[in-house]
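First the structure, in the form of structure tokens, and then the observations on it.
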2 protein chains.
Amino acid sequence: MIHNRIALYRVERGLSRKELAVAVGVNPQTIGFLERGSYSPSVELALKLAAVFRVPVDSLFSLTPFPALATQITSDHPQRSESDHDELTLPANARPV
Amino acid sequence: MIHNRIALYRVERGLSRKELAVAVGVNPQTIGFLERGSYSPSVELALKLAAVFRVPVDSLFSLTPFPALATQITSDHPQRSESDHDELTLPANARPV
DNA sequence: GCGAGGTATTGCGTATACACAATAATTGAG
DNA sequence: CTCAATTATTGTGTATACGCAATACCTCGC
């Protein structure tokens with residue numbers, strides 16, 4: 001089971017699915033499928049998505065659920081600590097967006 | 001086209017293909033196939049491999065060829081800089097939420 | 001010489017990632 | 001309201017990731 005933050009990053013960057021699809025060279029439906037179901041694309045696609053968002057693959061895909069945003073945001077202008085982007089220690093019942 | 005450093009990391013850690021295969025839950029032939037051909041496994045498998053080696057996915061898989069070791073090694077006992085493990089194609093300005 | 005462990009290679013079967021088409025539902029702008 | 005853009009959903013087809021079995025090669029220890 002794979003979890004991802006594609007919808008999150010996409011919306012944050014103000015991209016439509018079609019735009020993102022074009023950017024990584026797949027069909028818009030593939031993006032849609034990726035965002036709602038949790039399915040595991042090829043690393044190639046994962047790398048392209050990560051490149052578009054300019055984030056490491058590990059912050060886009062995870063074997064464990066991503067924590068909900070509310071549990072991560074401590075301030076509107078957080079000073080980044082080094083290890084913010086990885087692991088979770090939180091309940092699995094929290095729905096990642 | 002996908003490139004990877006699986007053989008490199010595996011040998012470095014002193015693992016056989018069978019051991020690595022067991023560690024990530026696939027067949028030894030799959031590891032062998034991964035190491036010689038350049039093919040693109042699922043992110044799930046990529047994440048598991050990265051977890052075994054304790055390195056980011058981006059340092060294990062890349063859309064562009066990895067530089068030969070000789071071009072990277074500057075000293076037999078390098079002092080690790082913060083961004084050594086992150087790769088060539090992506091600038092290190094990763095901006096996690 | 002022998003056998004054992006690691007690897008390479010081939011072939012076949014199955015599951016699934018992804019393409020593509022069509023339609024419907026939703027929302028926002030006019 | 002109408003129209004357009006985005007998204008959701010369903011269905012079909014193809015390529016390929018991966019499992020599994022069998023065989024062969026190479027190197028090392030006996």
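Predicted model only: the values in this text are computed from it and were never measured. Order of the sequence lines sets the chain letters (A, B, ...), proteins ahead of strands, with each chain counted from 1.
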Where along nucleotides 13-30 of chain D does protein come under 4.0 Å, by heavy atom, of base (B) or sugar-phosphate alone (S), with - for untouched nucleotides?
----SSSSBB--------

Results of side chain to side chain contact (heavy atoms under 4.5 Å, CB included) for B:Glu44 - residues two or more places apart only
A:Ile2, A:Ser40, A:Leu63, B:Ser42, B:Lys48

Considering only nitrogen or oxygen atoms on both sides, find all protein atoms under 3.5 Å from nucleotides 25-29 of chain C and state each distance.
none

Roughly how many Å is it from CD in B:Glu35 to C1' in C:dT9, rounded to a whole number?
15 Å

Closest non-hydrogen atom pair, B:Phe66 against B:Phe61:
CZ-C, 3.7 Å

From CD1 of A:Ile2 over to P of C:dT16, roughly how many Å is that when rounded to an integer?
14 Å

Taken to the nearest 0.5 Å, the spacing of A:Gln29 CD from A:Leu34 CG works out to 12.5 Å

Looking only at heavy atoms, what is the nearest atom pair of B:Ile6 and B:Glu35, with distance?
CG2-OE2, 3.8 Å

Phosphate oxygens OP1/OP2 of D:dT6: is one of them under 4.0 Å from a side-chain N or O of A:Arg10?
no

Pair listing, salt bridge (charged side-chain N to carboxylate O under 4.0 Å, His left out) test, anchored in residues 19-29 of chain B, at least two apart
none

Please say which of A:Thr64, A:Val43, A:Asp58 ends up in a side chain to side chain contact (heavy atoms under 4.5 Å, CB included) with B:Leu47.
A:Asp58

Distance check needed: C:dA4 P versus B:Lys18 NZ, whole Å only.
13 Å

Without decimals, in angstroms, what is the distance between B:Glu19 CD and C:dG5 P?
12 Å

Compare all side-chain heavy atoms of B:Phe53 with those of B:Leu15 and state whether any distance is below 4.5 angstrom.
yes

State, with a plain yes or no, whether a side-chain heavy atom of B:Leu20 is found less than 4.5 Å away from one of B:Leu49.
yes

